[in-house]
Amino acid sequence: MLPDSITLERPKNRDHGDYATSIALALAKSAGLNPREVAEIIIKHLEADSFIKQSVSALDIAGPGFINITLDRASQAQVISQILEQGAKFGHGEVLKGVSVNLEFISANPTGPLHLGHTRWAAVGDALGRVLSAAGAKVSREFYINDRGNQMELFGASLRAAALGQSVPEDGYHGEYIGDIAQEIKKEHPDFLKLDESTSIGAFRDAGYALQLKDQQRVLDTFGTHFDTWFSELSLYENNFFGHCQDTLKAQGHVYEQEGAIWLRTTDFGDDKDRVMIKSDGTFAYFASDTAYYISKRERGSDICIYMLGADHHGYVNRLKAIAACAGDNPEYNIEILIGQMVKIIENGEELKLSKRAGTIITLEELVEKVGVDAARYTLIRYPTDTPMVMDVDLLRSRTNENPVYYVQYAHARICAVLRNAEELGIPYGADYVHPELLTHERERELIGALAEFPRIVAGAAELREPHRVARYIEEIAGVYHRFYADCRVLPLGEEKAGALSSARATLCKATAQVIANSLALLGVSAPERM
RNA sequence: GCGCCUGUAGCUCAGUCGGAUAGAGCACUCGCCUUCUAAGCGAGUUGUCGCAGGUUCGAUUCCUGCCAGGCGCGCCA
């Protein structure tokens, strides 16, 4: 019996070679041999292979039966040429080629500023989009605008009340920005206050909606997060699109009527209870939009619909999955839901809860004002989304290596400085100066080996939907580079003449800078040339 | 009550389909700049991987139960 796949891993301990496999241990039982014997047989066969003979310098059996593989130096260093040739494309691959992904994230109500919870997704969602694209997927980034329902009416009523100088409704919106917008609308459209109450509320609602949406778009733009589609919930009800969706679900046999309401039998697919689509008063429940929106995404050509939701919405996972199943899709493939845990922010050792602007929690814009785009994005992306996280403003503002984003950016800037100096000294570097035979230092081997991992990291991050892996990888590269820098002098000292080794090392530096820049680009974080 | 997430060093957290001696950063101690950016590097110290079972050659990782914390369970959106 052969296993489905053979795992090849990078050992933590460098003494265990460049790569290692535990295949012999896995096969030992069914082969009826002890693992080391199995390993010996495998190695004998591998050694007969001409490609292996050429590119591998050692195959060893270690421990209980691991096979440790040490690569030939020259073939290992080929990655340097590859990086220089492919440039910004290095690391990009095709594991997700041919897959069309709809990536929906943030999806805030257009009734106020984006806050901290949205910000996590603004960073992670954007990074995931970049990572998926790099892995070959066709990605459509979508922001779903919840522009329908009671919240919008309350928003309109709050604005109108503020414009009239009245106190806003109890369950309305109370942030400071409400007053600002109300004044802006009043100035632009003094006539709105002369309309009868419900028309007036509608007018304020629509004007406020337009202003808030524009504001969200502006803020996200400065944050470096861009969308392909801003999808209006209201548009799902235009041209009877919802009716069409209802027919689709009906055809699959999961729609029924009870007590004057129209239901979707989501319990057929693991939901706790069935969900109402059309309420007994004839209006649409929010869930109706969910079903139509999913169907819209699929009909517009996406194979996989990824939803990025806050932890307070995790109760929606089953019903969303059930929608896919009710539409006749495979809920294990066509729909994925990622849950982002809460983000807390502390400053001076205390949690920041109130934003004067939003009236509730701190906004994306306020966070950026405090720590800058790069630090905010990097920190938010650096952790898996299923862990709650705490952002420490003071730490993120500090320009020390307590702050991982600086550690990583500094490595890039440092390399750029070395390369500038190399150019001044007339030391050539680039694809013609790789000289693998000269890069024999342990630090050089380490660095080359780490650079070679990048494509695997990108593919893994894409397949697992975990962009934080890219951030952790850059930190490793930065660390390995700094150690190389400390031990391996690149430029000639004093009166020394520059030799081939300087060129080879400068070339390695160039390749490292490229990989760091590519990684940071996947996170939407800048790679400064000077700091 | 039911469901989801989390529990790893003093602190903040990584840990790939189950692999070898469980890792970073910070903090603490001590070294390293008359020459490439010291925002850096090196050395030292730090662990009942929440607890208890199970699966197996092997479990921080998978399964079950329990403990602790966070969140969610509307014909609201």
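Labels below follow one simple rule: chain letters A, B, ... track the order of the sequence lines, proteins then strands, and each chain is numbered from 1.
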Next on the checklist: Would the distance check show the side chain of Ser502(A) and the main-chain N or O of Ala498(A) forming a donor-acceptor pair, the cut-off being under 3.5 Å?
Outcome noted: no
Item to check | U16(B) versus C32(B) - spacing of their P atoms, nearest Å | outcome: 39 Å
List, with names and distances, any nitrogen or oxygen atoms from the protein found under 3.5 Å away from nitrogen or oxygen atoms belonging to nucleotides 11-15 of chain B.
| residue | atom | partner | partner atom | Å |
| --- | --- | --- | --- | --- |
| C13(B) | O2' | Arg472(A) | NH2 | 3.0 |
| A14(B) | OP1 | Thr387(A) | OG1 | 3.0 |
| G15(B) | OP1 | His468(A) | NE2 | 2.9 |

Checklist entry - Which word best sums up how the rings of Phe155(A) and Tyr173(A) line up, parallel for under 30°, tilted for 30 to 60°, or perpendicular for over 60°? => result perpendicular
Checklist outcome for this item: When Glu475(A) and Asp281(A) are each assigned the nearest nucleotide of RNA chain B, the 5'-most assignment goes to Glu475(A)
Next on the checklist: Closest approach to the side chain of Arg414(A), judged atom by atom: which nucleotide of C76(B), G40(B), C73(B) is it?
Outcome noted: G40(B)
Checklist entry - Between Asp147(A) (side chain) and Leu234(A) (backbone), is there a donor-acceptor pair under 3.5 Å? => result yes
Checklist entry - Can you tell which of Tyr286(A), Phe287(A), Phe284(A), Trp263(A) makes a side-chain contact (heavy atoms from CB on, under 4.5 Å) with Val276(A)? => result Trp263(A)
Atom pairs under 3.5 Å: protein N/O with N/O of nucleotides 30-32 of chain B:
none

Next on the checklist: Between G74(B) and G58(B), how many Å separate the two P atoms, rounded to a whole number?
Outcome noted: 46 Å
Checklist outcome for this item: Across all chains, not counting sequence neighbours, the side chain to side chain donor-acceptor pair (under 3.5 Å) partners of Tyr429(A) are Glu423(A)
Next on the checklist: Reading 5' to 3' and counting Watson-Crick or G-U wobble pairs with both distances under 3.5 Å, write the dot-bracket notation for RNA chain B, | for bases paired outside the strand.
Outcome noted: (((((((..((((.....[...)))).(((((.......))))).....(((((..]....))))))))))))....
Checklist entry - Between Arg377(A) and Ala127(A), which heavy-atom pair has the shortest distance, and what is it? => result NH2-N, 4.5 Å
Next on the checklist: I need the full list of salt bridge (Lys or Arg N to Asp or Glu O under 4.0 Å) pairs touching residues 274-284 of chain A, with sequence neighbours left out, sorted by first then second residue.
Outcome noted: Asp271(A)-Arg275(A)
Checklist entry - Do Gln341(A) and C71(B) have a side chain to base donor-acceptor pair shorter than 3.5 Å? => result no
Next on the checklist: Taking any heavy-atom pair under 4.0 Å as a contact, classify Glu529(A): base, sugar-phosphate, or nothing.
Outcome noted: base
Next on the checklist: Classify the ring geometry of His435(A) against Tyr433(A): parallel below 30°, tilted from 30° to 60°, perpendicular beyond 60°.
Outcome noted: perpendicular
Checklist entry - Contact class for Asn421(A) vs. all strands (heavy atom < 4.0 Å): base, sugar-phosphate, or nothing? => result sugar-phosphate
Next on the checklist: Taking any heavy-atom pair under 4.0 Å as a contact, classify Ala62(A): base, sugar-phosphate, or nothing.
Outcome noted: base
Item to check | Residue whose nearest RNA chain B nucleotide is more 5′ - Asn318(A) or Ile415(A) | outcome: Asn318(A)
Checklist entry - side-chain contact (heavy atoms from CB on, under 4.5 Å) with Cys416(A): which residues, sequence neighbours excluded? => result His412(A), Arg420(A), Glu529(A)
Next on the checklist: Just to be sure I understand the rule, does Ile339(A) reach a base, reach only the sugar-phosphate, or reach nothing, if contact means heavy atoms closer than 4.0 Å?
Outcome noted: nothing
Next on the checklist: Categorize Asn68(A) for me: base, sugar-phosphate, or nothing, with a 4.0 angstrom heavy-atom threshold over every strand shown.
Outcome noted: base
Checklist entry - Going by ring centres under 5.5 Å and near-parallel planes (under 30°), is Tyr485(A) stacked on C36(B)? => result yes
Next on the checklist: Mind checking if Ala311(A) touches a base, just sugar-phosphate, or nothing, with heavy atoms under 4.0 Å?
Outcome noted: sugar-phosphate
Checklist entry - Counting any heavy atom closer than 4.0 Å, what does Glu259(A) reach on the DNA or RNA strands: base, sugar-phosphate only, or nothing? => result base
Checklist entry - The side chain of Tyr316(A) lies closest to which of these nucleotides: C4(B), G40(B), A77(B)? => result A77(B)
Checklist entry - Between C57(B), C17(B), U37(B), which nucleotide has the shortest distance from any of its atoms to the side chain of Arg530(A)? => result U37(B)
Checklist entry - Looking for any heavy atom pair under 4.0 Å, which part of the strands does Gly460(A) touch: base, sugar-phosphate only, or nothing? => result nothing
Checklist entry - Are any side-chain N or O atoms of Arg319(A) and backbone N or O atoms of Thr266(A), one a donor and one an acceptor, separated by less than 3.5 Å? => result no
Item to check | Stacking check Phe66(A) vs A20(B) (5.5 Å / 30 deg) | outcome: yes
Next on the checklist: What contact category does Ala20(A) fall into here, base, sugar-phosphate, or nothing, at under 4.0 angstrom with non-hydrogen atoms?
Outcome noted: base
Next on the checklist: In whole Å, I'd like the distance from the NE2 atom of His314(A) to the P atom of C2(B).
Outcome noted: 15 Å
